[in-house]
Amino acid sequence: MKPPHDMGGDPSEPIIPDKPDDPKFESGWHRRVLGITIAVGAMGAWSIDASRYARESLPRSDYNKFTYYEKWLGGLINLLFQKGLINKNEIKFGRGDSKAPREWRQKVLSVKNVGAVLAAGAPTRRDGPEPIFSLGQRVCAKLPSDTQSIASGHTRLPHYISGQAGTIIKCHGVHVLPNTNAHFLGEHPENLYAVEFKASVLWEQYPSSLDTVVVDCWESYLDRA
Amino acid sequence: MPHDHDENHVHNLLPAEPALRVKALETILVEKGLLDQQAVDAIIDEYEQRIGPHIGAKIVARAWNDPAFKSMLLADSEAVLREEGHAGRQGEHVVVVENTNTVHNLVVCTLCSCYPWPLLGVPPAWYKSDAYRSRAVSEPRRVLSEFGIDIPKSQSVRVWDSTAEIRYLVLPMQPRESVGLPTPELAKWVTRNSMIGTGLPQRPKDDQR
């Protein structure tokens, strides 16, 4: 069964574009969730891949119901609990029982480091082997479940390209593999490619033969077509 | 279905109302010594006051006015943007894609809502909506028409689904009537949506000519 976050191609509502004067944050708590998530993330207890996995493995009913920043918040609380940084009692009563271990308190992001942390980001490019596939080569996307490193694990291979053939249009170099990194199983960097698919192949009764969809795929997501 | 009944789901033990839920979490983290609230304020201030689409617009305007810069940008966006100091969080590896008479580029992230934050700031609500994430890949022309854009049949639409840590920025076509303007003036024509592909550059409202 397709997980709820993998929604490319699903039928949905019309889009409501924003207006020029709309505020950057719809409400005050949105900005607070953003700030706390980034600040806590900067302690380095998990990667962006683990954060994404925590959000997408929220129960389906919550995933479908939660707004964007509610998903961030739910994922963050669960990650803090899984890493043992907060306990169930604390969550239940909304109070900290005791100070966290010193090794974590020493890693807390201080105000003077905020600029540097945001400017540095977390690059995912690594050294690694030469790419197996070359520009212009035809490749076929695997099933998402065949790329997971644990059952129901994290993958960035969307269902809508699974089993479809496309063409390599760009080699992005070697990048950290989310499928292992999300589960704290190591970075296992791999070559990453931009793969172009004809929209008329992906979607039934698509109105143009010219249009395409490009999806970034790690080497292990692809077979020779 | 990942972990639907997993005991790791403790988020619902906190109040359901999100404003209260985040407040409770913030209290716990501060009491445990795991959060500096001033750092949180500083992060919010960066995204509310400093980082926004004006940064991407400056890059686009310069590319329009400076062919050498434009070819460097298209050849190795990542190196150029790092040099310019705009390769921070969620924009570490940017690829700039150019609109032409034959191709219109559109950017989405179907799996979450990846977005080039250091160039465009905080993503708008529609970009993060299920509607945009679901439909941008399967019916992009209809999505574009909901933004008031009709792409001629002769021009292809190329949708970029940001599934990895590569972030895409659209280099829109320069409107003919803006040619010759100095770069800072030109930057005002570059809308946020034109750099996502859901808009086109526009004459600024305060333009008196």
Side-chain angles (χ1 to χ4, degrees), chain A residues 1 3 5-10 12-18 24 29 31-33 35-36 38-39 52 57 59 68 70 73-74 77-78 81-82 86 88 90-92 94 96 99-100 104-105 108-111 114 118-119 121 123-124 152 156 158 172 175 192 203 210-216, chain B residues 1-4 8-11 13-14 18-19 21-22 24-28 31-36 38-40 42-44 46 48 88-90 92-93 110-113 122 124-126 128-135 137-138 143 146-147 153 156-161 163-166:
Chain A
M1 192 178 179
H5 72 279
D6 185 358
M7 60 178 75
D10 288 354
S12 192
E13 315 278 300
I15 289 151
I16 307 158
D18 58 339
K24 279 194 184 181
W29 67 266
R31 49 166 88 76
R32 218 63 208 157
V33 173
I36 294 171
I38 294 175
R52 287 204 186 102
S57 51
Y68 179 73
E70 276 178 284
L73 181 56
I77 295 165
N78 292 335
F81 174 70
Q82 285 159 31
I86 57 178
K88 210 174 251 182
E90 292 173 323
I91 299 167
K92 223 177 250 168
K99 289 278 177 207
W104 288 114
R105 281 186 282 130
V108 168
L109 177 67
S110 66
V111 64
V114 165
L118 294 182
T124 54
S152 302
R156 296 291 286 177
H172 290 303
H175 286 260
L192 177 71
W203 316 109
L210 296 175
D211 295 359
T212 60
V213 181
V214 182
V215 180
D216 285 332
Chain B
M1 181 64 238
H3 306 275
D4 237 6
N8 285 339
H9 289 135
V10 290
H11 60 281
L13 295 176
L14 280 175
R21 181 171 284 190
V22 66
L25 179 66
E26 186 165 358
T27 304
I28 300 170
E31 289 179 353
K32 297 200 68 76
L34 289 174
L35 190 70
D36 175 347
Q38 282 185 305
V40 176
I43 292 166
I44 294 166
E46 282 285 326
E48 200 141 54
R89 180 187 163 276
Q90 284 300 301
E92 297 91 343
H93 310 289
T110 60
L111 296 175
C112 41
S113 304
V122 175
W126 60 260
K128 302 173 292 190
S129 68
D130 289 1
Y132 186 72
R133 286 170 56 190
S134 300
R135 296 176 53 227
V137 284
S138 55
V143 165
E146 287 162 23
F147 284 91
K153 282 212 170 95
S156 69
V157 174
R158 186 183 254 179
V159 183
W160 298 84
D161 188 356
T163 49
E165 296 307 323
I166 311 296

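So you know, we letter chains A, B, ... as the sequences are listed, proteins then strands, and number each from 1.
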Proximal component of A:R31, with respect to chain B [non-hydrogen, under 4.5 Å] | both
Atom CD in B:Q90, atom CG in A:L118: separation rounded to 0.5 Å?
-> 11.5 Å
Got A:N78 and B:H9 here, is their nearest side-chain heavy-atom distance under 4.5 Å?
-> yes
Any donor-acceptor N/O pair, B:T163 side chain to A:D216 backbone, under 3.5 Å | yes
Do B:R133 side-chain atoms and A:H5 backbone N/O form a donor-acceptor pair below 3.5 Å?
-> yes
Quick one: what part of A:V114 sits under 4.5 Å from any heavy atom of chain B, side chain, backbone, both or neither?
-> side chain
Comparing A:I86, A:T212, A:V33 against chain B, the one with the most heavy-atom pairs below 4.5 Å turns out to be A:T212
What part of A:A100 lies closer than 4.5 angstrom to a heavy atom of chain B: side chain, backbone, both or neither?
-> both
Please answer whether the main-chain N or O of B:V22 pairs with a side-chain N or O of A:R32 as donor and acceptor at a distance below 3.5 Å.
-> no
Would you indicate whether the side-chain heavy atoms of B:D161 and A:P158 approach each other to under 4.5 Å?
-> yes
For B:E31, is it the side chain, the backbone, both or neither that has a heavy atom under 4.5 Å from a heavy atom of chain A?
-> both
Non-hydrogen atoms of chain B under 4.5 Å away: do they reach the side chain of A:L192, the backbone, both or neither?
-> side chain
Donor-acceptor pair, B:H11 side chain versus A:L73 backbone, under 3.5 Å?
-> no
Could you give the distance from CG (A:D18) to CZ (B:F147), rounded to the nearest 0.5 Å?
-> 7.5 Å
Among B:A39, B:S134, B:G88, which residue forms the greatest number of heavy-atom pairs with chain A at distances under 4.5 Å?
-> B:S134
For the residue pair B:H93 and A:H175, establish whether any side-chain heavy-atom pair is separated by less than 4.5 Å.
-> yes
Between B:V137, B:D130, B:V143, B:L13, the one whose heavy-atom pairs under 4.5 Å with chain A are most numerous = B:V137
Below 4.0 angstrom, N of the basic side chain to O of the carboxylate: do A:E90 and B:K32 qualify?
-> yes
Using a cut-off of under 4.5 Å on heavy-atom pairs, state which of B:P124, B:C112, B:A24 scores highest against chain A.
-> B:C112
Most contact-rich option vs chain B, by heavy-atom pairs under 4.5 angstrom, among A:K88, A:E70, A:R52, is A:R52
Hey, is the main chain of A:I15 close enough, under 3.5 Å, to the side chain of B:E146 for a donor-acceptor pair?
-> yes
Are A:V108 and B:L35 side-chain neighbours, meaning at least one heavy-atom pair lies under 4.5 Å?
-> no
Separation between CD1 of B:I166 and OG1 of A:T124, rounded to the nearest 0.5 Å | 6.5 Å
Which of the residues B:E26, B:K128, B:Q38 is involved in the greatest number of heavy-atom pairs with chain A at under 4.5 angstrom?
-> B:K128
Just by distance, do the side chain of A:W104 and the backbone of B:G33 share a donor-acceptor pair under 3.5 Å?
-> no
Just wondering, do A:L109 and B:I43 contact through their side chains at under 4.5 Å, heavy atoms?
-> yes
Report the distance from atom CG of A:D211 to atom NZ of B:K153, rounding to the nearest 0.5 Å.
-> 11.0 Å
Report yes if the side chains of B:V159 and A:V214 come closer than 4.5 Å at any heavy-atom pair, otherwise no.
-> no
If one checks every heavy atom of B:V122 against chain A at 4.5 Å, the contacting part turns out to be side chain
Which portion of B:L25 sits near chain A, non-hydrogen atoms under 4.5 angstrom = side chain
Let me know if B:E48 has heavy atoms under 4.5 Å from chain A in its side chain, its backbone, both or neither.
-> both
